[in-house]
J.: 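Attaching a single structure in structure tokens format; questions to follow.
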Amino acid sequence: MRALPPETPFDFSDDKLREECGVFGVSGVTDAANFVALGLHALQHRGQEAGGIVSYHPDHGFNSARRFGYVRDNFTKQSLMDTLPGPLAIGHVRYSTSGAKSNTQIRDVQPFFGEFSLGGAAIAHNGNIVNADALRRELIDRGSIFQSNSDSECIIHLMARSLQRKVPDRMQDALRRVEGAFSIVAMTRTKLIGVRDPLGVRPLVLGRLGEGYILSSETCALDICGAEFVREVAPGEMVVIENGEISSHQPFAPQRPRFCIFEHVYFSRPDSILGGRSVYETRREIGVELAREAPVDADLVCPVPDSGTPAAIGYSQESGIPYAMGIVRNQYMGRTFIEPTEQIRNMGVRLKLNVNRALIKGKRVILVDDSVVRGTTSIKIREMVLDAGAAEVHFRIASPPTAWPCFYGVDTPERDKLLAASMSEDEMCSHLGVDSLRFISLDGMYRAVGEAGGRNANAPQYCDACFSGDYPVTPSDRIEQGFRMKTAAE
């Protein structure tokens, strides 16, 4: 087993894939920004680094607030919310990275706002534009002046250069130049706009709140506002909400949808609904499939909190092995924890997780986790469980091996940092130092999300590029930077 170098500072969150952001918009409701703040709080799991809100009031114009940190620490202050009046508002939460603020500057925090000849517009984006570098070079050559490092700003500049006479038409013009995955909420002085890319990689739903409407990355954020779920925004659809009326537009050529399957596995909250399916129930079914594919004699099934919990319940139910909370998560350990010394910082996982020693001692333990990325967290957890006196440690992973980076809105390590990119399952088992290691198969995961026949190899029903290397949109910028796509031999 290759252990971590002793001098390496350990960051628990650095060994997980991170969704880059969540979006939320409200139209036709008094003090819309207050509802946006509630929605962003519900979407906080999609990004903890920063958040922003833009609102519009006929008497006060557009107003914006962007802050680093959690929604609860910023947008619950009445003094700030009073600066965001009006019946129309959109918001955004940005992904979390290593360090207090990473290299992000406040100018990179969304939503972005721009003034056009037709009036102002603001935009917030979940996903990733894979040709953003090429678009940025072209726009700069033509005189555009960028204010941020975000790929989302390209859309604002493309809209500004459009010759269309209405803002939604300008957005359609802009998005036809864009490649990648995106769910967008935008607003003008009178309109709330929502768009999904033609493949529908990222989620976006429509809700009703009294006489008003909501656009959100997930249904759980509708619940916190007391809103009614209406429907999902369809892949390739643009919805425009104005004066309580909704119009639907199809700016893109139809394509076969490829929704991100990892939204089911990890990113979305378990109390959300995706494609008419409960995220919690899907994750429980993943555990059921995993127990069928990878049984092992053991005394306890324990989740790695919190994302491994539903799958662990499913594994326990199918296998008949008792479920137990063998690892307890410290709910109050945030990223702002002060780490004054290297000794404390290297405690890493122990600041977030603690083993229930009385339960674990002498037991053969199955640990169910959502994924293995670099493997560093798995090694630390294995050490903790063995230190607590476990007789055996078996890992069961509720997703296939993550062997390829995501370029569609997920903060993923480079491929050479992904354990599964260079090791077989048996080699990973040896590297992690556990008694056994098994991942759910691609077909098993597809069955768990409702595809009874498994994965259609000739026409995959979901985007599963992080597992299969099958990228539905060619990541042109990354190829230009040297990324090598999967070959037929692989």
J.: Do Asn456 and Tyr446 pair up side chain to side chain, a donor and an acceptor below 3.5 Å, judged on atom types alone?
T.: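 The answer is no; no qualifying pair exists.
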J.: Between Glu218 and Arg269, does any side-chain N to carboxylate O distance fall below 4.0 Å?
T.: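 Result for this pair is no, no salt bridge flagged.
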J.: Check whether Asn131 reaches the backbone of Glu179 with its side chain - one donor and one acceptor, N or O, closer than 3.5 Å.
T.: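 Flag set: sc Asn131 to bb Glu179 pair under 3.5 Å.
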J.: Before accepting this row, confirm whether a basic side-chain N of the pair Glu49/Arg94 lies closer than 4.0 Å to the acidic partner's carboxylate O.
T.: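 Between Arg94 and Glu49 there is a salt bridge, with a charged N closer than 4.0 Å to a carboxylate O.
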J.: Within 45° of the axis and under 6.0 Å from the centre of the six-membered ring of Tyr70, does NZ or CZ of Arg72 qualify?
T.: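 Yes, cation above the ring, under 6.0 Å and within 45°.
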J.: With heavy-atom distances below 4.5 Å as the criterion, would you say the side chains of Leu367 and Ile381 are in contact?
T.: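 Touching, per the 4.5 Å side-chain cut-off.
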J.: For residues Arg447 and Glu293, determine if any side-chain heavy atom of one lies less than 4.5 Å from a side-chain heavy atom of the other.
T.: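 SC-SC contact between Arg447 and Glu293 confirmed.
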J.: Side-chain contact test, heavy atoms from C-beta onward, threshold under 4.5 Å: evaluate it for Pro235 versus Pro198 and give yes or no.
T.: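 No - every pair of side-chain heavy atoms lies 4.5 Å or more apart.
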J.: CG of Leu209 to CG of Leu222: how many Å apart, nearest 0.5 Å?
T.: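 Between atom CG of Leu209 and atom CG of Leu222 there are 9.0 Å.
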J.: Could you go through the ring pair (Phe, Tyr, Trp, His ring centres under 6.0 Å) check for Phe407 and Phe483 one step at a time?
T.: CA-CA 11 Å; Phe407 301 125; Phe483 176 72; 4.9 Å; yes
J.: Which distance, rounded to the nearest 0.5 Å, do you find between the CG of Asn126 and the CD of Gln110?
T.: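 Answer for the CG-CD pair, Asn126 versus Gln110, is 9.0 Å.
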J.: If you count the non-hydrogen atoms of other residues, nucleotides and ligands that lie under 6.0 Å from NE2 in His394, is the total more than 12?
T.: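 Correct, the count exceeds 12.
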J.: Do the charged groups of Glu289 and Arg292 touch, with an N to O distance under 4.0 Å?
T.: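 A salt bridge is present here (some side-chain N lies under 4.0 Å from a carboxylate O).
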J.: Any chance the side chains of Tyr213 and Arg208 put a donor and an acceptor closer than 3.5 Å?
T.: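 Distance-only check passes for Tyr213 and Arg208.
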J.: Strictly distance-based, threshold 3.5 Å: is any side-chain N or O of Ser316 a donor or acceptor partner for the main-chain N or O of Ala312?
T.: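 Not confirmed, Ser316 side chain does not pair with Ala312 backbone.
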J.: May I ask you to decide if the ring planes of Phe467 and Phe262 are parallel, tilted or perpendicular, using 30° and 60° as cut-offs?
T.: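 Aromatic pair Phe467/Phe262 classed tilted.
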J.: Do you know which of Ile224, Leu40, Ile214, Val26 makes side-chain contact (heavy atoms from CB on, under 4.5 Å) with Phe35?
T.: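 Of the listed residues Ile224, Leu40, Ile214, Val26, the side-chain contact (heavy atoms from CB on, under 4.5 Å) partner of Phe35 is Val26.
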J.: In sequence, state the C-alpha distance, the side-chain angles, and the governing distance for Val301 and Val368, and then conclude on side chain to side chain contact (heavy atoms under 4.5 Å, CB included).
T.: CA-CA 7 Å; Val301 178; Val368 180; 3.9 Å; yes
J.: Between CZ of Phe182 and OG of Ser152, what distance do you get to the nearest 0.5 Å?
T.: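 These two atoms lie 11.0 Å from each other.
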J.: Quick one: does Cys466's side chain get under 4.5 Å of Thr412's, heavy atoms only?
T.: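 When only atoms from C-beta onward are counted, Thr412 and Cys466 do not touch, as no gap falls below 4.5 Å.
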J.: Report the C-alpha distance between Val410 and Tyr266 in whole Å, list the side-chain angles of each, state the deciding distance to 0.1 Å, and finish with yes or no for side chain to side chain contact (heavy atoms under 4.5 Å, CB included).
T.: CA-CA 12 Å; Val410 179; Tyr266 176 66; over 6 Å; no
J.: Between Asp306 and Arg329, is the closest basic N to carboxylate O distance under 4.0 Å?
T.: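 Yes, Arg329 and Asp306 are salt-bridged.
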J.: For the CG atom of Leu88 and the CG atom of Leu192, what is their distance to the nearest 0.5 Å?
T.: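 That separation rounds to 6.0 Å.
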J.: Spell out, as yes or no, whether a donor-acceptor pair under 3.5 Å connects the side chain of Arg176 to the backbone of Val178.
T.: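 Not a single qualifying donor-acceptor pair exists.
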J.: With no hydrogens and no angle check, just 3.5 Å: does a side-chain donor-acceptor pair link Ser441 and Arg455?
T.: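 Not at all, the side chains of Ser441 and Arg455 share no donor-acceptor pair under 3.5 Å.
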J.: Report the residue from Phe259, Tyr462, Tyr408 that forms a side-chain contact (heavy atoms from CB on, under 4.5 Å) with Val201.
T.: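 Checked Phe259, Tyr462, Tyr408 against Val201; only one passes side-chain contact (heavy atoms from CB on, under 4.5 Å): Tyr408.
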J.: Should the heavy atoms of other residues, nucleotides or ligands under 6.0 Å from CG of Asp297 be counted, would the total exceed 12?
T.: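 No, CG of Asp297 has 12 or fewer neighbouring heavy atoms, counting only those of other groups under 6.0 Å.
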J.: Do Val71 and Val93 come within less than 4.5 Å of each other through their side chains, counting heavy atoms only?
T.: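 Touching, per the 4.5 Å side-chain cut-off.
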J.: List the atom of Asp151, the atom of Gly127, and the distance in Å for their closest heavy-atom pair.
T.: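 Here Asp151 and Gly127 meet closest at OD2-O, 4.5 Å.
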J.: Would you compute the distance between atom SG of Cys21 and atom CG of Leu43 and round it to the nearest 0.5 angstrom?
T.: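 Those atoms lie 10.5 Å apart.
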J.: So which atom in Asp477 and which in Ala134 form the shortest heavy-atom distance, rounded to 0.1 Å?
T.: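 The answer is OD1-N, 3.5 Å.
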J.: Can you tell if the side chain of Ile90 reaches within under 4.5 Å of the side chain of Ile53, non-hydrogen atoms only?
T.: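 No, too far: nothing below the 4.5 Å cut-off.
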J.: Say whether, by atom type as modelled, one donor and one acceptor occur between the side chain of Lys486 and the main chain of Ser468 under 3.5 angstrom.
T.: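 The answer is yes, because a donor-acceptor pair under 3.5 Å joins these two groups.
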J.: So do the side chains of Val195 and Met171 get within less than 4.5 Å of each other, counting heavy atoms only?
T.: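 Touching, per the 4.5 Å side-chain cut-off.
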J.: Report the C-alpha separation of Met445 and Val265 in whole Å, then their side-chain angles, then the decisive distance to 0.1 Å, and conclude whether the side chain to side chain contact (heavy atoms under 4.5 Å, CB included) test is met.
T.: CA-CA 9 Å; Met445 183 173 62; Val265 175; 3.7 Å; yes
J.: Has the side chain of Arg438 got a donor or acceptor atom that lies under 3.5 Å from a matching backbone atom of Arg396?
T.: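 Side chain of Arg438 to backbone of Arg396: no pair is present.
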J.: Can you name the closest pair of heavy atoms from Ile360 and Ala388 and give their distance?
T.: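 Nearest heavy atoms, Ile360 then Ala388: CG2-CB, 4.2 Å.
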J.: For a 4.5 angstrom cut-off between non-hydrogen side-chain atoms, does Met485 reach Ile479?
T.: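 Heavy-atom side-chain distance check passes, below 4.5 Å.
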J.: With the threshold set at 4.0 Å, does a side-chain nitrogen-carboxylate oxygen contact exist between Arg231 and Glu237?
T.: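 Glu237 and Arg231: salt-bridged.
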J.: Got a second to check how far His264's NE2 is from Leu274's CG, nearest 0.5 Å?
T.: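 That separation rounds to 5.0 Å.
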J.: Search all heavy atoms of Val355 against all heavy atoms of Val385 and return the closest pair with its distance.
T.: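 The pair with the smallest heavy-atom distance is CG2-N, 4.0 Å.
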J.: Using the ring centroid of each side chain, check whether Tyr315 and Tyr323 are separated by less than 6.0 Å.
T.: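 Tyr315 vs Tyr323: aromatic centres not under 6.0 Å.
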J.: Using only atom types and a distance under 3.5 Å, with no angle test, would you say the side chain of Thr309 pairs donor to acceptor with the backbone of Ser307?
T.: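 No; judged by distance alone, with no hydrogens or angles, the pair does not exist.
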J.: Determine whether a donor-acceptor pair (N or O, by modelled atom type, separation under 3.5 Å) exists between the side chain of Ser272 and the backbone of Ser268.
T.: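 Checked: no pair found.
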J.: For Ile273, does its backbone N or O pair with a side-chain atom of Ser278 as donor and acceptor, under 3.5 Å?
T.: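 Side chain of Ser278 to backbone of Ile273, a donor-acceptor pair under 3.5 Å: no, none is there.
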J.: Looking at Arg202 and Glu263, is there a salt bridge between them, counting it only when a charged N and a carboxylate O are closer than 4.0 Å?
T.: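 A salt bridge links Glu263 with Arg202.
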J.: With the threshold set at 4.0 Å, does a side-chain nitrogen-carboxylate oxygen contact exist between Arg284 and Glu318?
T.: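 No, no charged N to carboxylate O under 4.0 Å.
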J.: Under 3.5 Å, side chain of Asp108 to main-chain N/O of Asn149, donor-acceptor pair present?
T.: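 Confirmed, Asp108 side chain pairs with Asn149 backbone.
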J.: If you measure from the Lys or Arg side-chain nitrogens to the Asp or Glu carboxylate oxygens, is any gap between Asp299 and Arg364 under 4.0 Å?
T.: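 Answer for the salt bridge query: yes.
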J.: For Phe24 and Cys225, work out which heavy atoms get closest and say how close.
T.: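 Heavy atoms of Phe24 and Cys225 come nearest at CZ-SG, 3.8 Å.
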J.: Under the criterion side chain to side chain contact (heavy atoms under 4.5 Å, CB included), I'd like the reasoning laid out for His431 against Leu419: C-alpha separation, chi angles, the key distance, then a yes or no.
T.: CA-CA 9 Å; His431 173 80; Leu419 204 64; 3.7 Å; yes
J.: Under the side-chain contact (heavy atoms from CB on, under 4.5 Å) test against Leu215, which residue among Ile193, Val205, Val23, Val239 passes?
T.: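 Among Ile193, Val205, Val23, Val239, the one meeting side-chain contact (heavy atoms from CB on, under 4.5 Å) with Leu215 is Val239.
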J.: Is it true that a side-chain atom of Glu427 and a backbone atom of Ser424 form a donor plus acceptor pair closer than 3.5 Å?
T.: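 Judged by distance alone, yes, a pair lies under 3.5 Å.
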J.: Is any NZ, NE, NH1 or NH2 atom of the basic residue among Arg258 and Asp197 found under 4.0 Å from an Asp or Glu carboxylate oxygen of the other?
T.: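 Looking at Arg258 and Asp197, the cut-off is not met.
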J.: Could you pull out the closest heavy-atom pair between Ala37 and Phe75, with the gap in Å?
T.: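 It is CB-O, 3.7 Å.
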